[in-house]
Peer 1: 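Take this structure first; my questions come after.
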Number of protein chains: 2
Amino acid sequence: MASWPDQPSTDYGFLNAALAEADADAFVAVGDRFDDDMRYLTRFSGPDRDYAFVFVGDTATLCAPALFEEQANREFSGDVVRMENVGDPAGERARAVLDDALDGTGTVLVPQGIPHDTALYLERGGYELQSTSAVTDARAVKTEEELDCLRRVQRATARGMARAEEILAEASAEGGELLWKGAPLSTERLRRQVNATLASYGVRDAGNTVIGAGPSCADLHFTGTDDIAPGETVLLDISPRGPHGYYGDLTRTFVVDGDGGWERRAYVAVEAAQTAAFDELESGAGVAASAVHREAAAEIAAYGFSVGEEPGFTHGTGHGVGVSLHEAPSLRADEPLEAGMVVTVEPGVYDSSQGGVRIEDLVVVTEDGYEVLAAYPTGIVPQKR
Amino acid sequence: MASWPDQPSTDYGFLNAALAEADADAFVAVGDRFDDDMRYLTRFSGPDRDYAFVFVGDTATLCAPALFEEQANREFSGDVVRMENVGDPAGERARAVLDDALDGTGTVLVPQGIPHDTALYLERGGYELQSTSAVTDARAVKTEEELDCLRRVQRATARGMARAEEILAEASAEGGELLWKGAPLSTERLRRQVNATLASYGVRDAGNTVIGAGPSCADLHFTGTDDIAPGETVLLDISPRGPHGYYGDLTRTFVVDGDGGWERRAYVAVEAAQTAAFDELESGAGVAASAVHREAAAEIAAYGFSVGEEPGFTHGTGHGVGVSLHEAPSLRADEPLEAGMVVTVEPGVYDSSQGGVRIEDLVVVTEDGYEVLAAYPTGIVPQKR
């Protein structure tokens, strides 16, 4: 059982810079374990109720519910103060930490989606709030430690994909049905096998194992049960989460016993679009994010598919991945990509009457190009890997 | 492969009652897929970015990002309106829905933790906000449909526990190590087996498979890697999430090759405490939640362990479970339990120098007693089930 890289650390230099730029005195965030800004700021895998992070005078403090104090001390590198009772408002506790340093006056930077009750606690305590995108911006550029986590999760993701591909390679078409081990193969049956494989590699499916068959491939987030028929596109989008909170993201499309019709044309177009996107990324840091999407879309159009509507390429070419499955940057944005940004490259073509084809890989932008995290083969006919 | 019950529906009668009681005009909530109030209100398994729920004039509306429109229509029973762009603020879209019905004036009920930017959008649109606990209160009492989901998830949870127990029964003590299939058994290795089993039954571990060994049992949320030694308490707390968002919650403690010392005393005390709690629940709806905790704690104390501090019984006896793993009611509250409330009953005793023992089952309170969801045997010596 290979071990995981250490938990990455968070360098709060970006908060000092944001405070200096805004001439502000402190930063406060409140959320629960499902708030990915909080995960990034604290590395605390935390409770399913609100806790608070306070950064003031170059000191980071975590206000943790008493029952989670041991876990907070284990995971968080700064000071931990406890909230005695489960129901205590985290915003009230955060205000007390601010009061120790600022005495009820000053400007506090907060994420724009901070809970409203927290905002009111701080404002009533005499602080002026100002929203900041500093955390979102910092998260978009990964450190080496973060890249190690992302590579590791993506390798486990590839193991899940290999399991799905193996099952599809073993499946046989009989009387209009696709059978595996003597029983009809459904999207749900395939999903359970993929998710069990992910679990055995120490990552969790996080509810993100999207598997479509034929028409349901056009539904970008299909997690239901459809029997898989021979000749249908089977689209697998696997995005598990690793123990430090980082996601993988990998999509492949297969057809068992296909007739080489629509899905072959779509596959060729999508492969060409991904290659065009990679070509654009070859210049590395500085390339405009939107140029990557534009090149992919142009290629899809060159193969006679629509862009921006169904049937055709209905979504963007990619998004950032980190402690959120979707985070900055978007490949629709006009900003230049920076070294250390991790993005998906995932062109796709969908037609509800035919099916859907998408290929997705995860790459990190480097100074002079890009690196694919855990490369995985392409090909519409499933193989045993 | 057994199929799942249908997705439960949500009856908005409680919102009408809350609006009437507060003399308010509408209810608005905003959150992402990790916001369990949103899951309960909409049944939308949703995007990892904000979406909005608006209830006004007896009409429920979901404002969904365009890329998730198909999924929203599939899962949500009310009206779906789309937000064109990924970055559009959900609060702004919610205000537009309100404006159609209320024309910029009225009182809007919101959960107290609504995102601050949403609150500002609504207030600047002319609406007065008032916080409500109506959703929290409604969630605490389960419908028959919800109970079916909870029973089903708890049965899958029991399969995960049976797998762990089987592995521990197969493990052997050799030279101070606990070996399974020829290699040392660690908490992480055991966790992967449990999580793979959960996945094969169609539920996901949700990052909640807590397994402690000896000292790490006293850390209530230990998810790290420890080798398991013969004679140590092995505490497994398994809380997976099913496809409709409902959680299971089951804890057992085992010792392989124990010497019958501290852990036997602790086990007897904890079993007696759980029995005392069940005895209190036998009167059914109307019993004070805190009485259940009081009875369990008294029994722990009668066996010579402390209550409220380590070494001893350091937490409460139980909490509600639904679309959140921890929700109302708490067994520390003085309010009477109602029929349909689902709570854990989980006394435990911890000593960092010895280990920890906890037994936890999930029960639903009925008019005249209680029902254990998916009963699972107890016993400190692991058995093949």
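Values in this document were obtained by computation on a predicted structure and should not be read as measured data. Heavy-atom basis, side chains included; hydrogens, waters and symmetry copies ignored. Sequence lines set the chain letters: A, B, ... in the order given, protein chains first and strands last, and positions in each chain run from 1.
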Peer 1: Side chain, backbone, both or neither: which part of Arg332(A) has an atom under 4.5 Å from a heavy atom of chain B?
Peer 2: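 Neither part, no heavy atoms under 4.5 Å.
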Peer 1: Among the options Asn195(A), Asp117(A), Thr197(A), Leu129(A), pick out the one with the most heavy-atom pairs lying under 4.5 Å from chain B.
Peer 2: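 Between Asn195(A), Asp117(A), Thr197(A), Leu129(A), the count favours Asp117(A).
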Peer 1: Would you say Glu360(A) and Asp249(A) make side-chain contact, with heavy atoms under 4.5 Å?
Peer 2: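 Yes; the side chains approach each other to less than 4.5 Å.
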Peer 1: Give, as side chain, backbone, both or neither, the part of Asp219(A) having an atom under 4.5 angstrom from any heavy atom of chain B.
Peer 2: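 Answer is both: backbone and side chain atoms of Asp219(A) are under 4.5 Å from chain B.
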Peer 1: Tell me, for Arg74(B) versus chain A, whether the close heavy atoms (under 4.5 Å) come from the side chain, the backbone, both or neither.
Peer 2: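 Contact with chain A involves the side chain of Arg74(B) alone.
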Peer 1: How about Asp334(B) and Ser290(B): does a side-chain donor come under 3.5 Å of a side-chain acceptor?
Peer 2: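 Asp334(B) vs Ser290(B): donor-acceptor pair found between side chains.
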Peer 1: Looking only at heavy atoms and a cut-off of under 4.5 Å, which of Pro47(A), Pro115(A), Pro111(A) has the most pairs with chain B?
Peer 2: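 Looking at each of Pro47(A), Pro115(A), Pro111(A) in turn, Pro115(A) comes out on top.
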Peer 1: Compare every heavy atom of Val28(B) with every heavy atom of Ala94(B), then report the nearest pair and how far apart it is.
Peer 2: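 The answer is CB-CG1, 4.1 Å.
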Peer 1: May I ask you to decide whether Asp36(A) forms a salt bridge with Arg241(A), counting only side-chain N to carboxylate O separations under 4.0 Å?
Peer 2: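 Answer for the salt bridge query: yes.
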Peer 1: Glu123(A) versus chain B, heavy atoms under 4.5 Å apart: side chain, backbone, both or neither?
Peer 2: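 For Glu123(A), the side chain is the part near chain B, not the backbone.
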Peer 1: Does a side-chain N-to-carboxylate-O contact under 4.0 Å join Glu75(A) and Arg43(A)?
Peer 2: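 Arg43(A) and Glu75(A): not salt-bridged.
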Peer 1: Report the option among Leu220(B), Asp205(B), Val203(B), Val110(B) that has the most heavy-atom pairs separated by less than 4.5 Å from atoms of chain A.
Peer 2: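 Between Leu220(B), Asp205(B), Val203(B), Val110(B), the count favours Asp205(B).
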Peer 1: For Arg192(B), is there an ion pair with Glu188(B) - N to carboxylate O distance below 4.0 angstrom?
Peer 2: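 Result for this pair is yes, salt bridge flagged.
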Peer 1: Ion pair present between Arg139(B) and Asp37(B), side-chain N to carboxylate O less than 4.0 angstrom?
Peer 2: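 Looking at Asp37(B) together with Arg139(B), the answer is yes, because their closest N to O distance falls below 4.0 Å.
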Peer 1: Mind checking whether His293(B) and Phe313(B) have ring centres under 6.0 Å apart?
Peer 2: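 Yes: the rings meet the under 6.0 Å criterion.
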Peer 1: Between Ala119(B), Ser131(B), Gly202(B), who has the most heavy-atom pairs with chain A when the cutoff is under 4.5 Å?
Peer 2: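 So the answer, after comparing Ala119(B), Ser131(B), Gly202(B), is Gly202(B).
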Peer 1: Hey, which of Glu69(A), His315(A), Gln112(A) has the most heavy atom pairs under 4.5 Å with chain B?
Peer 2: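 Sorted descending by pairs with chain B, the first entry is Gln112(A).
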Peer 1: Tell me which of these, Ala206(B), Gly316(B), Gly91(B), has more heavy-atom pairs under 4.5 Å with chain A than the rest.
Peer 2: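 With the most close heavy-atom pairs to chain A, the winner is Ala206(B).
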Peer 1: When you measure from the side chain of Thr223(B) to the backbone of Val210(B), do you find a donor-acceptor pair of N or O atoms at a distance under 3.5 Å?
Peer 2: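 Judged by distance alone, no pair lies under 3.5 Å.
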Peer 1: Report the option among Gly224(B), Ser45(B), Gly113(B), Ala66(B) that has the most heavy-atom pairs separated by less than 4.5 Å from atoms of chain A.
Peer 2: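 The candidate making the most pairs under 4.5 Å is Gly113(B).
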Peer 1: Need one label for Thr314(A): side chain, backbone, both or neither, based on atoms under 4.5 Å from any heavy atom in chain B.
Peer 2: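 The answer is the backbone of Thr314(A).
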Peer 1: Heavy-atom distances under 4.5 Å only: say whether Arg33(A) touches chain B with side chain, backbone, both or neither.
Peer 2: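 It is the side chain, since no backbone atom gets that close.
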